[in-house]
Amino acid sequence: MPVPINRLFTYELPLTLRHRVTAGCRVLVPLGSRKLTGVVIRTHTGPAAPGVREVSGLRDEEPVLDHELLELAEWIAEYYCAPIGEVLKGMLPLSGETRRSTHYELTDAGRQVARQLVLNSESDPASRLLAMLEERPRPLTYLSSKIEKPRQVLAPLIKRGWVEVEDREEERDPLRAAAERLQAEFVSRAETDEKLKKHERELLAFLELHPGQHNVAALAEQVKRASEAARSLARRGLVRLEIGSLKLSSGFFREAPILNQHQELAFREILTALETGGFQTFLLEGVTGSGKTEVYLRAIEAALALGKNTLLLVPEIALTPAMAGQFFHRFGKQVAVLHSAFGDAERAGQWRRIRSGEARVVAGTRSAVFAPVQNLGLVIIDEEHDTSYKQEETPRYHGRDVALIRAQKAGAIAVLGSATPGIETRFNAGRDKYRMLRLPERVAQRPLPKVKIVDMRVEFLETKRQATFSRLLLEEMKQRLAQREQVMLLLNRRGFSSFMVCRACGERLLCENCSVVLTHHRRDRRMLCHYCGFAAKIPTTCPACGSDHIQFLGAGSERVENELHEYLPTARIARLDRDSATGKGAFETILDSFRQGDIDILVGTQMIAKGHDIPNVTLVGVVLADIGLGMPDFRAAERSFQLLTQAAGRAGRGDTPGLVIIQTLNPDHYAIRFAAEQDYESFYAKELEFRKWLRYPPFAAFANVLVRAEKQEEALRMATELGYLLNPPPEGIRVMGPAEAPVLRVRSEFRYQILLKAARRATLREVLRTLRSFAEKEKWKATALVIDVDPVNLM
Ligand code: ADP
Ligand code: ZN
Ligand code: ZN
């Protein structure tokens, strides 16, 4: 059941359903006073326990989850200490194609009461409601149109057991999908007696003249109000509307190059493993621009030839239409793409193509790991170090790790690829758990970019100016512009922002819901919270003391962009971060025009560092490398190293060699030094030493236990209770905390955390289970306790 309780429920199957329901089917069952959709885990023929309720309906004629995926769900529930029902819910994108609505219906007792009612025109709302329900079950929307505040009227009736609530799911109308996703095709001319509006006639004529599928959003350029017209024509059956696949990026499809010697070697090893069969994991460690993608593509081809299907996971940001385009180009209709930005209906459509075996190469972001790929032979995890593989809500699984388990269960080959493998991954490769494949050079003998470090402390002493850009960086940017080459500027993290302080009293403007400062966004003319989205007006006087000596500190990405315009007035500059790239396709539009050369300088957060392959970028500047290093997180150094190395890797991917300029206040920090040298192995050795010394992963199993509540005393009390439970610490466990979480308050909830380290994973799991059952026994709110196993983010 999709409830945050970690247990299974037993129901009796009515005779009519007995032979139709199998494990993996969804059924509608009563739970308390509601009806909910659950997934059948097992069926058995033993005698029913007393009080067992009956299944009310079957949702699927065939199972939505096969045996393999059910097993995977159980593994996730166990490993991440997550309620099985919530795990299953997260695995089923099919729930997305339906619309949820709440229906109310009379119970037998309620029907009796309703029958005895004598209605007159002034009846009280409760009686009128009962009368309406006596006719038939009604959705809330209907009741709202007839009675004021129907929920308030319903509550006592439900309590008395007269009315039952049913959460219904209904098929969502495909006509409601966004125009960008819809493909329209001519079906037939209008019957003469049908009155079409002008724009409908125009569209129909256009489609008849141009056979084949047309994107509805694109049709708007041909015909006014095309989207509206297409929908009404589809309703009349004159036009067929389908949820289409994503828009592919225009332009370059590269033909398959001949593999170089290192690529060939790596490919051969994967091929042999595919031919032999059986589970094995490879780590493909290749420097930036070494052509890892080409190795994947060949491996996929080989798998297809052997009759095996592929699951390819990519980070959130990397699955651009440009990349998907490459896959379609190579594998045509055998490709399915799953992306969290897709609409529900589209995802469900792709899901079905995968299940039916029509799609044999599945590329997708994190949740694609649950795609029902049949006959799985190859699992590829690109940029395996990327943090977007970690799900930050229940179930808090790591897509990479789940993918490996999935490969293992399927007896498939797993390939992890990265220029900067996660420390744990590299550690496993070092212990021969994974087999290492190396691409030590860039393709076509291109050199790795040259990296220069600018010490911003020295810069300040020499120029006596607190500048965003060093003289060197400005000089180099000017030169690239003159040579018509392109530049990327990395603003490390979104925390690169400006906030308000009062110089009179020191007040800072904080979010109302979170203990963080609000960030100044000039374009929106707002102060925004980056945690919860809270927005406030930009103050002109201090809200605490009324002084007008307020000041905005820090260099926001907007400010950096504006400063650039001052220094380089002729440059075409664009900004890419979560604020500028909102809305479907905005991100891709900016990136596309950069790729086409319509933008000279692209300024952005870590979004720009990932995977992009744009040959004309010859200079990458890191405005301030240190920002990530100060985070209270043992992975801060690893993150910074990866980000800097990946950012550097964007430079010099074409024929002209690249230059990277890293501005920093900590030029001696090992993460910055080794990133500048693009020396992964030295960084790894140093970082591993540090992890071993402090007993951090991979030398310990690690979990973050967070408690949260709206009232601070309550959060503190719960944290203290868990603290008592862990004192003295169970054998083999180290307990840190309870302590305030680094950000104490988020979305109006106070948070305290306890970090647990264990030498053995089994011990850790046992302790976590104890904590969870304590919370259940004490009847804590379901959301009060958050267990995060192998946490990626300790903030
Ligand atoms: P990585 O993912 O390792 O950073 P990519 O896979 O993006 O590198 O490859 C970089 C570029 O090199 C791409 O444009 C790709 O088409 C090209 N490429 C890959 N293999 C070869 C090869 N053997 N010869 C020439 N170009 C290649
Ligand atoms: Zn003040
Ligand atoms: Zn907030």
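First listed ligand is number 1; within each ligand, the first listed atom is number 1.
- Using the six-membered ring where Trp is involved, Trp75 and Tyr80 have ring planes that are perpendicular, over 60° apart on the 30 and 60° scheme.
- An N or O contact shorter than 3.5 Å is missing between Arg650 and ligand 1 by distance.
- Polar contact with ligand 1: absent for Arg446 (N/O pair, distance under 3.5 Å).
- Using a 4.5 Å heavy-atom cutoff, the side chains of Ile661 and Val622 are not in contact.
- Ligand 1 has an N or O atom lying under 3.5 Å from an N or O atom of Gly289, backbone or side chain.
- When the options Glu638, Glu384, Glu681 are evaluated for a salt bridge (charged side-chain N to carboxylate O under 4.0 Å, His left out) with Arg426, the one that passes is Glu681.
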Check: Would Glu424 and Arg400 count as a salt bridge (Lys or Arg N to Asp or Glu O under 4.0 Å) if you check the C-alpha gap in whole Å, the side-chain angles of each, and the deciding distance to 0.1 Å?
Finding: CA-CA 12 Å; Glu424 286 95 328; Arg400 172 197 60 208; 5.5 Å; no
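- In summary, the atoms of ligand 1 found under 4.0 Å from a heavy atom of Ser290, numbered by their order in the structure, are 1 (P), 3 (O), 8 (O).
- Ligand 1 lies within reach of Arg653, whose nearest heavy atom is under 4.0 Å from it.
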Margin query: Working note: Arg330 + Glu301, criterion salt bridge (Lys or Arg N to Asp or Glu O under 4.0 Å); need CA distance, chi angles, decisive distance, verdict.
Written below: CA-CA 9 Å; Arg330 280 290 170 95; Glu301 267 167 21; 3.7 Å; yes
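- Between Phe702 and Phe634, a ring centre-to-centre spacing shorter than 6.0 Å is recorded.
- Counting heavy atoms only, Thr293 comes closest to atom 6 (O) of ligand 1 of the residues Thr293, Asn260, Leu284.
- Among Pro615, Gly286, Gly291, the residue whose heavy atom lies nearest to atom 9 (O) of ligand 1 is Gly291.
- Near Thr288, with a cut-off below 4.0 Å to any heavy atom, the atoms of ligand 1 are 4 (O).
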Notebook entry, point to check: After noting the C-alpha distance and the side-chain angles of Phe370 and Ile76, does the key distance pass the side chain to side chain contact (heavy atoms under 4.5 Å, CB included) rule?
Noted result: CA-CA 11 Å; Phe370 302 127; Ile76 292 171; 3.5 Å; yes
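- By the criterion of a heavy-atom distance under 4.0 Å, neither the backbone nor the side chain of Leu439 is placed next to ligand 1.
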